[in-house]
Amino acid sequence: MSGVIVTNPPKAHAKDVEALAGYGVATVSEAMGRTGLLGPGIRPVQQGVRAVGTAVTVLGWPGDNLMIHAAVEQCGEGDILVVTTTSPCTDGLFGELFATALQRRGVRGVVINTGIRDTQELRNMGFAAWSRAVSAQGTVKATGGSVNVPVAIDGQVIRPGDVILADDDGVVVVPRERARATAEAAEAREAKEARTRTAFLDGELGLDRYGLRETLERLGVEYKSYEEYTAYAADQGERS
């Protein structure tokens, strides 16, 4: 496979990236109309960590991490490395040495659609990582690929410079052109949830706050006392 290394792609504005850092993955996805989520197979190797940054993308070959080496040169302060391969792979393409080089350049983490290794070392050094698998299986450096081109993970297209937000719940991608609007929508959603949280603490039920009693009625869901229900169930049993 041939490839290309694209230098200096456009990126989301730093202030918009930092604005998104204040919100969780679930909130940001909801703010975009429940879009942008990578699948649940991409999981963190640590807990209690949120990372946000601009994507530097890698498209490589299964079992081959050559293009990650090429991508390190293209990474800088505030980036998150995003790696996928041309077909499924669970080999450990990324580990402590890559993290050391990236941390030196100010990279905030990695999202990799393959295996990762040296997970204890990554936690010890505070380098955030999300991966498809954990595997000690090593790799080669023999096949060309691409850096800073659009890639797809779990049906989500990630372009260089898009915003990547990752936490314990997973990973979401925000198109760079939508970063500011998404941050504003996330702020509005957080404010709404804060009002709802206060209402719940005061004893209000979601059934009433969201008007769900009418929904239950429309769907034909009935309330019955235990006595009514057991009599109904016994009657239905006799008829079956």
Side-chain angles (χ1 to χ4, degrees), residues 1-18 20-21 36 38 42 44-45 49-87 89 91-118 121-122 125-132 138-154 156-166 171-179:
M1 124 179 219
S2 59
V4 62
I5 298 172
V6 179
T7 62
N8 300 317
K11 296 183 178 183
H13 293 295
K15 64 179 181 180
D16 298 328
V17 176
E18 294 310 312
L20 286 167
L38 275 60
I42 304 290
V45 303
V49 173
R50 180 183 297 165
V52 63
T54 45
V56 172
T57 62
V58 177
L59 178 62
W61 194 261
D64 191 314
N65 66 4
L66 172 63
M67 298 315 296
I68 299 180
H69 283 279
V72 171
E73 184 181 25
Q74 304 306 316
C75 289
E77 186 72 35
D79 286 334
I80 289 182
L81 185 66
V82 179
V83 181
T84 192
T85 49
T86 55
S87 60
C89 173
D91 295 344
L93 267 64
F94 187 98
E96 175 197 7
L97 293 180
F98 274 136
T100 300
L102 290 173
Q103 197 170 61
R104 172 65 177 79
R105 301 176 76 86
V107 174
R108 295 175 177 177
V110 63
V111 174
I112 185 164
N113 192 30
T114 71
I116 200 169
R117 62 183 186 176
D118 304 331
E121 288 80 2
L122 296 181
M125 64 190 293
F127 190 84
W130 287 257
S131 70
R132 175 73 60 184
T139 59
V140 299
K141 301 163 181 60
T143 313
S146 295
V147 175
N148 277 335
V149 298
V151 299
I153 299 177
D154 293 337
Q156 298 296 332
V157 175
I158 303 167
R159 302 167 304 163
D162 284 348
V163 183
I164 299 294
L165 177 67
V171 182
V172 65
V173 55
V174 180
R176 56 182 181 258
E177 301 90 347
R178 297 180 61 186

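Please read these numbers as outputs of a predicted model, since none were measured by experiment.
- Across all their heavy atoms, C75 and L81 have their closest contact at SG-CD1, 4.0 Å.
- Side-chain contact check for V173 versus V82: every heavy-atom pair is 4.5 Å or farther apart.
- Side-chain contact between V111 and I42 is present, with at least one heavy-atom pair separated by less than 4.5 Å.
- Inter-residue side-chain proximity for T84 and I158 is flagged as unmet; no heavy-atom pair is nearer than 4.5 Å.
- Annotation: side-chain hydrogen bond (donor to acceptor under 3.5 Å, both in side chains) contacts of D64 (sequence neighbours excluded): T143.
- With contacts defined as side-chain heavy-atom distances shorter than 4.5 Å, the pair D91/T85 does not qualify.
- Remark: R117 engages no residue in a side-chain hydrogen bond (donor to acceptor under 3.5 Å, both in side chains) (not counting sequence neighbours).
- Separating the CD1 atom in I68 from the OG1 atom in T139 is a distance of 7.5 Å, to the nearest 0.5 Å.
- Residues that satisfy the salt bridge (charged side-chain N to carboxylate O under 4.0 Å, His left out) test with R178, not counting sequence neighbours, are absent from this structure.
- Atom CG in N148 sits 8.0 Å away from atom NZ in K11 (nearest 0.5 Å).
- Atom CG in L20 sits 11.0 Å away from atom CD1 in I164 (nearest 0.5 Å).
- By the ring-ring contact (aromatic ring centres under 6.0 Å, His included) test, H69 pairs with F98, sequence neighbours left out.
- Counting all heavy atoms, side chain and backbone alike, V157 lies closest to P150 at CG1-CB, 4.3 Å.
- Judged as a side chain to side chain contact (heavy atoms under 4.5 Å, CB included), and not counting sequence neighbours, the contacts of D16 are H13, A179, R180.
- Across every non-hydrogen atom of G76 and V107, the tightest pair is O-CG2, 3.8 Å.
- Here T54 pairs with D79 under the side-chain hydrogen bond (donor to acceptor under 3.5 Å, both in side chains) rule; sequence neighbours left out.
- R50 places no side-chain N or O within donor-acceptor distance of the main-chain N or O of L165, the cut-off being under 3.5 Å.
- Note that the CD1 atom of I80 and the CG atom of L102 stand 11.5 Å from one another [nearest 0.5 Å].
- Heavy atoms only, all atoms of each residue included: A101 and V72 are closest at CB-CG1, 4.1 Å.
- Taking the salt bridge (charged side-chain N to carboxylate O under 4.0 Å, His left out) definition, one finds that E177 meets it with R159, sequence neighbours left out.
- Closest of all the heavy-atom pairs between D162 and R176 is OD1-N, 2.9 Å.
- Proximity of L38 to R132: side-chain heavy atoms (C-beta onward) are nowhere separated by under 4.5 Å.
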Practice task
Could you please spell out the steps behind the side chain to side chain contact (heavy atoms under 4.5 Å, CB included) verdict for V151 and V58?
Solution key: CA-CA 8 Å; V151 299; V58 177; over 6 Å; no
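- Applying the side chain to side chain contact (heavy atoms under 4.5 Å, CB included) criterion to D118, with sequence neighbours excluded, gives E96, E121.
- In this view, A128 and Q46, V49, A51, W130 satisfy the side chain to side chain contact (heavy atoms under 4.5 Å, CB included) rule, not counting sequence neighbours.
- Residues T86 and P62 share a closest heavy-atom pair of OG1-CD, 3.4 Å.
- Residues that satisfy the side-chain hydrogen bond (donor to acceptor under 3.5 Å, both in side chains) test with E18, not counting sequence neighbours, are R108.
- Across I112, N113, T114, a single residue satisfies side-chain contact (heavy atoms from CB on, under 4.5 Å) together with C89, and that is T114.
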Handout entry: Derivation of the side chain to side chain contact (heavy atoms under 4.5 Å, CB included) call for V83 and M67
Key = CA-CA 9 Å; V83 181; M67 298 315 296; over 6 Å; no
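- Annotation: side chain to side chain contact (heavy atoms under 4.5 Å, CB included) contacts of Q103 (sequence neighbours excluded): M125, F127.
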